[in-house]
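Not measured: the values here are computed from a predicted model. We use all heavy atoms of the structure for the numbers below, so side chains are in, but hydrogens, waters and symmetry mates are not.
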Amino acid sequence: ETKQLVDNWEKPHLAGLASCCTWSSETGYRVFSEREKEGLRITLESASMLVSFNGNSFDIPFLDGFLGGFQPLQHIDLMKPCVDALGYKANLEGLARATLGAGKTGHGSGAPQLYQEKQFAKLHSYNLLDVKITKDLFFFALDYGYFLHHCKLKGLQRIPVNISLDYQLKDRKKRVFAHSQQLKNKPATKRQINFIKSLYKEQDNIDWYPPIGFTSLQASQIIAHKKR
């Protein structure tokens, strides 16, 4: 979610980051603020796959600008099959209501106001629910291969979600293995080491130093554990 409404869609990051929520099978839900940029970067760069809704148009360009360069290892934008089937962009609320029987509690355009009013609990709750709905839609598509969408003229429609699962899962396994091998042998970056030092200092008041041969994979595991 952004601090203000986006008025420059070529550089959406200029609207500022109010809140960013992620979910992974390893760490569950996590919320990041603007000051936790490095933690967000490490989380995203260590992910084998990123799932979004309208990410090609917003999330990826925003993160690329905000982080000073970012491209996911693998990205699935759930908006794409909707555009392919309907000819226009569906909204997350409508898909969630029709497919899952549950929707959102607000609209993204209200996030800047929540941020300005310092209603951070409401802001984070809205952001978390957005991510939960996206996750649930993704797993629904994995299981059943479609979304449901209610059209005023045509009624309830079925949207095929042809993600080519066999290819995607095989490709994902290859990418995960390659990525893990790369991390296993790659030395931890200075950014990772400094971030871990700050976590130990803030949480345990300990001066932490990396052992000899400390790798990027080990750093990612420590960060994930410390951020729980």
Nearest-0.5 Å distance, [atom1] of residue [X] to [atom2] of residue [Y]:
X: Met79; Y: Asn56; atom1: CE; atom2: CG; result: 10.0 Å
X: Lys37; Y: Leu67; atom1: NZ; atom2: CG; result: 7.0 Å
X: Leu63; Y: Cys20; atom1: CG; atom2: SG; result: 6.0 Å
X: Leu14; Y: Asn8; atom1: CG; atom2: CG; result: 6.0 Å
X: Ile133; Y: Leu92; atom1: CD1; atom2: CG; result: 5.5 Å
X: Gln113; Y: Gln4; atom1: CD; atom2: CD; result: 14.0 Å

Take the angle between the ring planes of Phe62 and His13 and call it parallel below 30°, perpendicular above 60°, tilted in between.
perpendicular
With a 3.5 Å distance limit and no angle check, can you tell me whether [X] reaches the backbone of [Y] through a side-chain donor-acceptor pair?
X: Glu36; Y: Ser33; result: yes
X: Thr189; Y: Gln192; result: yes
X: Thr99; Y: Leu148; result: yes
X: Gln218; Y: Thr215; result: yes

If you define the side chain from C-beta out and look only at heavy atoms, does anything of [X] sit under 4.5 Å from [Y]?
X: Phe195; Y: Ile193; value: no
X: Ile222; Y: Phe214; value: yes
X: Thr43; Y: Phe32; value: yes
X: Ser57; Y: Lys89; value: yes
X: Tyr126; Y: Glu1; value: yes
X: Trp208; Y: Lys201; value: no
X: His149; Y: Arg158; value: no
X: Leu95; Y: Asn91; value: no

Measure from the ring center of Phe140 to the ring center of Tyr146 and say whether it is less than 6.0 Å.
yes
Can you tell me if [X] has over 12 outside heavy atoms packed within less than 6.0 Å of its [atom1]?
X: Lys132; atom1: NZ; result: no
X: Lys3; atom1: NZ; result: yes
X: Glu117; atom1: CD; result: yes
X: Lys122; atom1: NZ; result: no
X: Lys11; atom1: NZ; result: no
X: Phe120; atom1: CZ; result: yes

Search all heavy atoms of [X] against all heavy atoms of [Y] and return the closest pair with its distance.
X: Ser220; Y: Ser46; answer: OG-CB, 4.3 Å
X: Phe147; Y: Leu78; answer: CE1-O, 3.9 Å
X: Ala98; Y: His150; answer: CB-N, 4.3 Å
X: Leu73; Y: Ala47; answer: CB-O, 3.9 Å
X: Val131; Y: Cys21; answer: CG2-O, 3.4 Å
X: Ile159; Y: Ala85; answer: CG2-CB, 3.7 Å

Should the pair Lys135 and Trp23 be classed as cation-pi, given the thresholds of under 6.0 Å to the six-membered ring centre and 45° from the axis?
yes
Could you see if Val51 belongs to whatever hydrophobic cluster contains Val161? Use Ile, Leu, Val, Met, Phe, Trp, Tyr and a side-chain cutoff under 4.5 Å.
yes
Say whether Phe138 and Val83 are linked into one hydrophobic cluster, either directly or through other cluster members, by side-chain heavy-atom distances under 4.5 angstrom.
yes
Ile60: what forms a side chain to side chain contact (heavy atoms under 4.5 Å, CB included) with it, not counting sequence neighbours?
Leu50, Phe70, Gln71, Pro72, His75
Show your working on side-chain contact (heavy atoms from CB on, under 4.5 Å) between Leu40 and Phe66 and close with a plain yes or no.
CA-CA 11 Å; Leu40 175 60; Phe66 177 70; 4.2 Å; yes
Apply side-chain hydrogen bond (donor to acceptor under 3.5 Å, both in side chains) to the pair Ser52 and Asp59, showing each step before the final yes or no.
CA-CA 8 Å; Ser52 71; Asp59 301 75; 4.8 Å; no
Show your reasoning for whether side-chain contact (heavy atoms from CB on, under 4.5 Å) applies to Val6 and Phe58.
CA-CA 10 Å; Val6 177; Phe58 176 72; 4.0 Å; yes
Apply side-chain contact (heavy atoms from CB on, under 4.5 Å) to the pair Leu137 and Leu100, showing each step before the final yes or no.
CA-CA 7 Å; Leu137 282 172; Leu100 306 173; 4.0 Å; yes
